[in-house]
Amino acid sequence: MVWKFMYNQKFGLLNNLLGTDIAWISDPKIAWISIAVIGVWSILGYNMILFLGGLQEIPHDYYEAADIDGATGIRQFFTVTIPLLSPTIFFVLQTRIIGALQVFDLPFMVMDNSNQALPSVQSVVYVFYQNAFTYNNRGYGAAIVVCMLVIILALTKLLQATEKKWVFYN
């Protein structure tokens with residue numbers, strides 16, 4: 001609801017601060033960007049906690065050895081931090097891809113059924129919800145969910161096949 005207030009065209013915080021009259025969630029050309037900003041903002045803290053935990057698990061000895069070898073801070077970042085943080089990067093990447101395919105709450109809560117930008121921000125899960133519960137077409141809704149399951153399984157399998165090339169667990 002806070003985001004709905006911030007994006008309001010007439011009384012919204014963003015339009016008042018910027019001095020504009022932009023239809024943040026009613027314009028089909030920019031509504032998907034507004035929804036994406038909400039999604040990124042809502043998951044940013046969780047991902048930062050995961051990355052912080054991953055960074056704290058990197059032993060300081062590696063940085064000392066790289067410093068003795070004459071590596072700069074940027075070199076240490078790319079040769080020590082990124083490889084040792086790769087399991088966390090892989091986990092966040094995989095869970096965010098799956099989470100992005102399962103988005104339902106953002107379009108459902110921010111958009112009204114009468115909003116002209118609704119078709120541009122609908123997710124697969126939102127289409128499932130519409131068909132299964134609004135239009136009472138449960139068979140079509142079940143088919144959508146099964147197709148989404150197959151797509152998520154295929155993407156997960158593809159990600160895990162590439163895991164051995166760039167994720168280091170040592």
Side-chain angles (χ1 to χ4, degrees), residues 1-56 74 77 81-82 85-160 162-163 166-167:
M1 298 312 289
V2 171
W3 286 99
K4 206 170 184 179
F5 167 72
M6 288 177 61
Y7 284 146
N8 189 302
Q9 186 173 356
K10 293 182 181 180
F11 311 109
L13 182 64
L14 283 177
N15 281 337
N16 282 330
L17 286 177
L18 300 174
T20 59
D21 188 31
I22 299 172
W24 296 102
I25 57 174
S26 300
D27 185 1
K29 294 176 185 167
I30 61 171
W32 66 274
I33 297 170
S34 301
I35 296 293
V37 166
I38 298 171
V40 168
W41 180 264
S42 67
I43 202 65
L44 191 65
Y46 173 72
N47 290 338
M48 287 303 112
I49 295 294
L50 291 175
F51 281 118
L52 183 61
L55 285 170
Q56 288 178 345
I74 294 173
F77 178 74
T81 306
I82 295 294
L85 198 60
S86 62
T88 305
I89 294 170
F90 178 73
F91 175 76
V92 169
L93 177 71
Q94 190 169 17
T95 55
R96 287 304 91 220
I97 289 173
I98 293 170
L101 291 171
Q102 295 177 343
V103 168
F104 170 73
D105 55 346
L106 296 178
F108 185 76
M109 291 181 0
V110 175
M111 299 287 182
D112 304 11
N113 286 336
S114 61
N115 194 328
Q116 63 189 7
L118 183 61
S120 68
V121 298
Q122 282 183 341
S123 65
V124 176
V125 180
Y126 191 85
V127 173
F128 153 73
Y129 172 80
Q130 287 271 323
N131 282 288
F133 299 110
T134 305
Y135 307 137
N136 205 21
N137 192 352
R138 299 201 195 318
Y140 190 67
I144 291 172
V145 170
V146 169
C147 289
M148 190 175 75
L149 172 70
V150 169
I151 290 169
I152 289 173
L153 285 173
L155 283 173
T156 303
K157 191 70 175 163
L158 179 70
L159 275 172
Q160 291 191 352
T162 64
E163 174 187 17
W166 64 278
V167 179

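The structure places CG of Leu118 at 9.0 Å from CG of Asp112, a figure rounded to the nearest 0.5 Å. Atoms CH2 and CH2, on Trp41 and Trp3 in that order, are 6.5 Å from each other to the nearest 0.5 Å. Annotation: the span from Ile97 atom CD1 to Leu155 atom CG amounts to 6.5 Å, rounded to 0.5 Å. Between the CG atom in Leu14 and the CE atom in Met6 there is a gap of 4.5 Å [rounded to 0.5 Å]. In this structure, the separation between CD1 on Ile38 and CD1 on Ile43 is 14.0 Å, given to the nearest 0.5 Å. Interatomic distance, CD of Gln102 versus CG of Leu149, reported as 9.5 Å (0.5 Å rounding).
The shortest non-hydrogen separation linking Ser42 to Gly39 is OG-O, 2.9 Å. Scanning all heavy atoms of the two residues, the minimum distance from Met111 to Ala31 falls at CE-CB, 3.8 Å. In this structure, Ala132 and Gly141 approach most closely via the heavy-atom pair CB-CA, 4.4 Å. Across all their heavy atoms, Ala23 and Ile30 have their closest contact at O-CD1, 3.7 Å.
At least one side-chain heavy atom of Ile98 sits under 4.5 Å from a side-chain heavy atom of Thr156. With contacts defined as side-chain heavy-atom distances shorter than 4.5 Å, the pair Phe51/Ile89 qualifies. The shortest side-chain heavy-atom distance between Val37 and Trp24 does not fall under the 4.5 Å cut-off. Val124 is not listed as a side-chain neighbour of Leu101, based on a closest heavy-atom distance of 4.5 Å or more. A heavy-atom distance below 4.5 Å is not found between the side chains of Val121 and Asn115. No side-chain heavy atom of Lys4 sits under 4.5 Å from any side-chain heavy atom of Met109. The closest side-chain heavy-atom distance from Leu159 to Phe90 is below 4.5 Å. Between Asn113 and Gln130, the closest side-chain pair of non-hydrogen atoms falls below 4.5 Å.
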Evaluation steps, side-chain contact (heavy atoms from CB on, under 4.5 Å), between Ile35 and Val110: CA-CA 8 Å; Ile35 296 293; Val110 175; 4.0 Å; yes

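In Ile74, the CD1 atom is not crowded: 12 or fewer heavy atoms of neighbouring residues, nucleotides or ligands sit closer than 6.0 Å.
For the pair Asn47 (side chain) and Val92 (backbone), a donor-acceptor distance under 3.5 Å is absent. Judged purely by atom type and a 3.5 angstrom limit, Asn15 uses its side chain to pair as donor or acceptor with the backbone of Gln9.
Aromatic ring pairs are classed by plane angle as parallel below 30°, tilted from 30° to 60° and perpendicular above 60°; the pair Tyr129 and Phe133 is tilted.
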